[in-house]
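Worksheet for the structure shown next.
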Protein chains: 2
Amino acid sequence: MATISFARGVPAPECLPVEELADCARAAIERGGPAVLSYGPAAGYAPLREWIGERHGVPAERIVLTNGSLQGFVFLAEQLARGKRVLVEAPTYDRPLKILKRVGAEVAALPMDEEGLDPDGLERALRDGSPPAFLYTIPAFQNPSGRTLPVERRRRVLELAREHEVLVLEDDPYGLVSFEGEPPPTLHSLAGGEGVVHSSSFSKTIAPGVRVGWFVLPRDLAEELEAAAVSTYISPPFLTQATVLEFLRRGNFEPNLERVRTLLRARRDAMLGALERELGSSARWSRPRGGYFVWLDLPPELNTRDLLARAEAAGVTFVKGEDFFPEGAGGASAARLAFSFVSPEEIEEGVSRLAGAVAEAADAAGVVVGASSPA
Amino acid sequence: MATISFARGVPAPECLPVEELADCARAAIERGGPAVLSYGPAAGYAPLREWIGERHGVPAERIVLTNGSLQGFVFLAEQLARGKRVLVEAPTYDRPLKILKRVGAEVAALPMDEEGLDPDGLERALRDGSPPAFLYTIPAFQNPSGRTLPVERRRRVLELAREHEVLVLEDDPYGLVSFEGEPPPTLHSLAGGEGVVHSSSFSKTIAPGVRVGWFVLPRDLAEELEAAAVSTYISPPFLTQATVLEFLRRGNFEPNLERVRTLLRARRDAMLGALERELGSSARWSRPRGGYFVWLDLPPELNTRDLLARAEAAGVTFVKGEDFFPEGAGGASAARLAFSFVSPEEIEEGVSRLAGAVAEAADAAGVVVGASSPA
């Protein structure tokens with residue numbers, strides 16, 4: 001029995017436009033020539049910076065391309081967060097938490113509800129603690145919760161950030177992967193491009209293997225990031241950046257994105273349906289309108305660290321909730337379920353296995369999960 | 001008058017196999033499929049790690065591919081050198097010096113002569129100071145000096161390293177770019193693969209724009225580097241690594257390398273000839289048997305920081321020697337001249353302009369350069 005992975009927050013192979021990219025890679029070198037194959041600007045392939053700059057309504061000098069957006073987060077954390085306080089959503093993407101720990105940042109976890117970051121919690125954190133280096137937020141189809149911040153909250157967050165002069169770092173890899181119309185405008189656009197660093201990547205809209213992330217930054221910070229990039233890898237691989245540009249130039253981006261949305265929407269629907277059927281009386285979960293993830297909350301008597309072993313024995317895996325909180329700060333009864341990598345059929349089967357493991361764990365804990373109102 | 005650059009230590013466009021790489025990029029995706037376009041092992045594309053491992057006679061698990069070899073140096077420095085003593089050649093490649101400074105290493109500069117690192121100097125440094133984290137050396141066609149460590153010295157360096165239990169980091173990007181037969185065996189092979197971390201890249205033998213460097217490491221250090229890579233960029237761009245592998249599989253590597261050697265040999269010859277003609281009585285310089293660089297030593301009365309401004313006004317540029325030493329430790333009258341980026345004709349003209357600037361600077365300093373015996 002092959003394990004079904006709800007752990008892998010990565011696109012399924014069928015999401016990747018393999019043939020088109022093969023053709024674009026060749027064309028990118030033929031069009032770009034030696035410039036694509038040599039050293040060059042550490043901030044990235046100039047024509048792609050221009051393309052992205054235009055899309056965000058900023059000059060190309062404010063765009064820095066990195067080897068995936070995590071690399072840029074490392075540069076920003078090293079530049080801004082060493083020994084400083086940083087505000088994050090709880091739960092949040094686990095890799096930035098590890099990077100912030102590595103640079104010695106003091107991470108303050110902000111409360112969320114079904115609508116994402118709670119602005120009142122943000123206000124308290126801004127009022128009570130020392131001034132933070134930045135607020136790190138994933139406002140659309142958040143990793144790991146799948147939640148999306150509504151536009152009124154976005155305005156409130158920006159007002160608070162302005163009032164307290166706090167930089168906002170908006171990580172937005174999933175925003176375009178929406179299943180039900182357009183997501184709310186980005187924090188960056190709502191703020192008129194000021195006071196918000198916006199990052200995204202082509203990992204979810206084209207392919208992660210190209211490793212092309214981007215940052216929209218104030219000019220001085222763009223220069224600092226570029227300097228960090230020079231001292232780390234001289235220049236990024238222009239071949240992959242030029243391949244992405246070729247894909248964009250050919251008009252492949254929108255049709256491919258529509259295809260990816262359709263694929264992922266069916267998976268999200270399969271997961272929500274299966275959860276309702278299998279765990280409807282014993283758990284609650286987020287209902288994402290895009291992205292890759294569902295956040296599952298089990299009754300507090302059940303610990304997902306223990307559950308994970310049972311689930312793996314039953315042939316299904318996930319990431320336990322506590323990995324997405326600063327140490328010990330929460331998530332003990334929660335789990336992140338990724339629906340991106342597995343087929344609708346696997347999702348049905350995987351949720352059924354998971355429900356079996358939950359029933360077992362509940363038995364062992366002496367909890368009658370079906371009867372109790374979900375947490 | 002276009003400036004002639006002896007500063008750019010990069011391959012000329014005509015060194016790059018553009019057409020072949022365009023074809024390889026397409027074939028790499030067609031052959032590798034979704035694996036080339038998704039996330040994967042942070043240590044790099046498995047089939048390329050295998051290819052490189054075989055070449056070095058080590059299992060693939062001991063190979064880590066990085067975004068150019070500098071990225072791997074950053075990981076190693078962060079892992080091993082924080083606040084520690086590190087031994088380097090003086091002069092040496094400037095970027096590692098900056099990275100070592102950034103991680104707070106105490107850099108000890110070892111003396112060199114025309115045959116590279118002086119083993120007696122190494123012995124003194126090992127005997128007298130605190131135990132170093134590692135010795136960083138570029139033994140073949142060194143950047144910036146162009147010097148190559150003979151095999152007897154290599155054995156002596158390895159003996160000393162073994163005796164004092166010091167790790168050797170052998171940076172070898174230029175070894176294969178030899179103009180006069182094979183260079184001496186690498187430190188890594190002389191040491192039987194033990195006690196030496198070997199790094200190289202395809203930047204000088206295929207193209208820098210692919211950003212594929214590699215490290216041959218002890219197993220535990222390979223795991224540490226892979227962990228650092230995961231936490232920095234999740235995985236590297238497999239598209240470029242698979243493109244390189246396709247180039248290798250097709251048997252393009254050796255013929256391309258022979259072409260590059262021929263191109264660069266003509267440039268080296270042009271530079272040595274022009275130096276003899278223009279500066280024969282007033283300076284001395286290294287006579288590299290491979291690589292990209294000639295090291296120029298002017299009489300001590302002439303400062304190359306001042307000379308650089310005169311040279312640039314005359315339409316030629318270089319990198320001043322002091323950039324390749326730990327702060328204030330030397331190189332005030334030296335310069336690195338790269339012959340890789342410019343044509344033989346430009347080299348002739350550039351050295352002629354440089355000689356004019358040297359004559360001017362000598363006049364200003366009241367030195368009769370032609371008459372004095374060179375420093």
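Below, chain A is the first sequence line, B the second, and so on; all start at residue 1. Below, each value reflects all heavy atoms present in this structure, side chains not excepted, and no hydrogens, waters or symmetry copies. On a predicted model such as this, the values are computed, not experimentally measured, just so you know.
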Side chain, backbone, both or neither of A:P236 within contact of chain B (heavy atoms, under 4.5 Å): backbone
Partner chain B: residue of A:P13, A:S203, A:S38 with the largest heavy-atom pair count (under 4.5 Å): A:S38
Interchain contact, A:Q241 with chain B, by part (heavy-atom threshold 4.5 Å): neither
Contacting region of A:V18 [heavy-atom separation from chain B under 4.5 Å]: both
Shortest non-hydrogen contact from B:Y233 toward A:R211: O-NH2, 3.0 Å
Under 4.5 Å from any heavy atom of chain A - which part of B:T66: neither
Side chain / backbone / both / neither for A:V230 at chain B, heavy atoms under 4.5 Å: both
pair B:P208-A:L37: side-chain heavy atoms closer than 4.5 Å: no
Contact origin within A:S69 toward chain B - heavy atom pairs under 4.5 Å: neither
Value rounded to 0.5 Å, distance of CZ in A:F75 from OG1 in B:T232: 8.5 Å
Which atom of A:V74 lies closest to which atom of B:S231, heavy atoms considered: CG2-O, 3.9 Å
pair A:L239-B:T243: side-chain heavy atoms closer than 4.5 Å: yes
Residue among B:G68, B:G40, B:P34 with most heavy-atom pairs under 4.5 Å to chain A: B:P34
Among the listed options A:I206, A:V212, A:I234, A:V36, the residue most often paired with chain B at heavy-atom distances under 4.5 Å: A:I234
Chain B contact via A:E14 - side chain, backbone, both or neither, heavy atoms under 4.5 Å: neither
Per-residue contact mode, B:L21 against chain A (heavy atom under 4.5 angstrom): both
Interface residue of largest heavy-atom contact number with chain A, from B:P237, B:A25, B:A35, under 4.5 Å: B:P237
B:I99 portion near chain A, given a 4.5 angstrom heavy-atom threshold: side chain
Interface residue of largest heavy-atom contact number with chain B, from A:R8, A:R102, A:E30, A:E19, under 4.5 Å: A:R102
